Amino acid sequence: MTSPAPHPLTPFEELKAYVGFTDRDARALADFSAVAAPRLEEVSDQFYAAVRDNPRTAQIIRDDAQAARLQRTMVQWMQRLLDGPHDEQYYQDRQRIGQRHVDVHLPQRFMFTGMSVLRNALCDAALELLPIQQARQTIAALSRIMDLELAIMVETYSRVRESRRLRDLRELIVSHLPLAVLVLDARGRVVAHTSSDAQLWPSTDIVGVPAVDILPPSFRELVQGDLARQGQHKGFM
């Protein structure tokens, strides 16, 4: 009797296995969290001092109120880093953080430098607050989890930026076609279109609208049939 095939690893499980992040690391971080909690605001202050000292990253902070919110968010980020659980929800939450870096137009290099500031501050706190052997274990765990954080953010950052570049290119090409064209997603919703000189659909913004709701009846069966057969993006003239 053959043994069942091993369950494929999720992307996050694969990353953890690659850097050797284990339950022992998670416990070390949780133990450190109990003594480090009063220091996290100080670490956040150090991080945002570095942000304000750099002319490029300082532009992200609009006013004192936003700076205070960001510093509170950083404390929460570190608490989650230490407390876990480091599961799939953690992975998805960290991906959203990577996307926000794209939204605020943060140059990618500052992910690396920012993570270095945090890593050094947390490792210094571990050396100061813990017995030396426990501090060494904690610093090793911090190194692994922060490498994972950086991998997730950079991967998400690159994917989101590439997706947006392709979207902009697609919209540029479609907008200059001398034809009436709709570009649909797999569910038949409009993702891009040319101007409707032929009056095939309303002149108002129709991105996100199902094509069958805006096309003349003579086109609807064509669209529905083709989507059913292909199940992929399609342009219709």
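All of these numbers come straight from a predicted model, not from anything done at the bench.
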Worksheet item: Nearest 0.5 Å, what's the CD-CG distance between E41 and D45?
Response: 7.0 Å
Worksheet entry | From E155 atom CD to Q95 atom CD, the distance as rounded to the nearest 0.5 Å | 7.0 Å
Discussion item. Count I, L, V, M, F, W, Y as connected when their side-chain heavy atoms are under 4.5 Å apart, and connections chain through other members. Are I139 and V19 then in the same cluster?
Written reply: no
Worksheet item: Quick one: does D25's side chain have a donor or acceptor within less than 3.5 Å of a partner on T22's backbone?
Response: yes
Worksheet entry | Check: L142 and L82 side chains under 4.5 Å, non-hydrogen atoms | yes
Worksheet entry | Sequence neighbours excluded, every pair satisfying ring pair (Phe, Tyr, Trp, His ring centres under 6.0 Å) that has a member inside residues 107-155 | none
Worksheet item: When rounded to the nearest 0.5 angstrom, what is the spacing between CD in Q137 and CZ in R24?
Response: 4.5 Å
Worksheet entry | side-chain contact (heavy atoms from CB on, under 4.5 Å) between I145 and L81, worked out | CA-CA 8 Å; I145 191 61; L81 176 90; 3.7 Å; yes
Discussion item. Please determine whether residues I152 and M78 belong to a single hydrophobic cluster, defined as Ile, Leu, Val, Met, Phe, Trp and Tyr linked transitively by side-chain heavy-atom distances below 4.5 Å.
Written reply: yes
What donor-acceptor contacts under 3.5 angstrom involve side-chain atoms of residues 122-134, with partners at least two apart or in another chain?
| from | atom 1 | to | atom 2 | distance (Å) |
| --- | --- | --- | --- | --- |
| E128 | OE1 | R39 | NH1 | 3.3 |
| E128 | OE1 | R39 | NH2 | 3.3 |
| E128 | OE2 | R39 | NH1 | 3.2 |

Worksheet entry | Interatomic spacing from CD in E13 to CG in D87 - rounded to 0.5 Å | 10.5 Å
Fill in: Other residues, nucleotides, ligands: >12 heavy atoms within 6.0 Å of R52 CZ
yes
Fill in: Within 6.0 angstrom of D23 CG, more than 12 heavy atoms from elsewhere
no
Practice prompt. Go through the structure and list residues passing ring pair (Phe, Tyr, Trp, His ring centres under 6.0 Å) with F47, not counting sequence neighbours.
Written response: none
Fill in: Which residues share a side-chain hydrogen bond (donor to acceptor under 3.5 Å, both in side chains) with Y90, sequence neighbours left out
E149
Discussion item. Evaluate D147 against R119 for salt bridge (charged side-chain N to carboxylate O under 4.0 Å, His left out), listing each step before the verdict.
Written reply: CA-CA 10 Å; D147 284 343; R119 188 193 306 260; 3.0 Å; yes
Worksheet entry | For F21, all residues meeting ring pair (Phe, Tyr, Trp, His ring centres under 6.0 Å), sequence neighbours excluded | H86
Discussion item. Can you tell me how far apart CE (M74) and CG (L118) are? Round to the nearest 0.5 Å.
Written reply: 5.0 Å
Worksheet item: Do other residues, nucleotides or ligands put more than 12 heavy atoms under 6.0 Å from Q89 CD?
Response: yes
Item to complete: Measure the spacing between CG of L70 and OG of S44 and express it to the nearest 0.5 Å.
Response: 8.5 Å
Response to the item:
For E88, the side-chain hydrogen bond (donor to acceptor under 3.5 Å, both in side chains) test, sequence neighbours excluded, returns T10
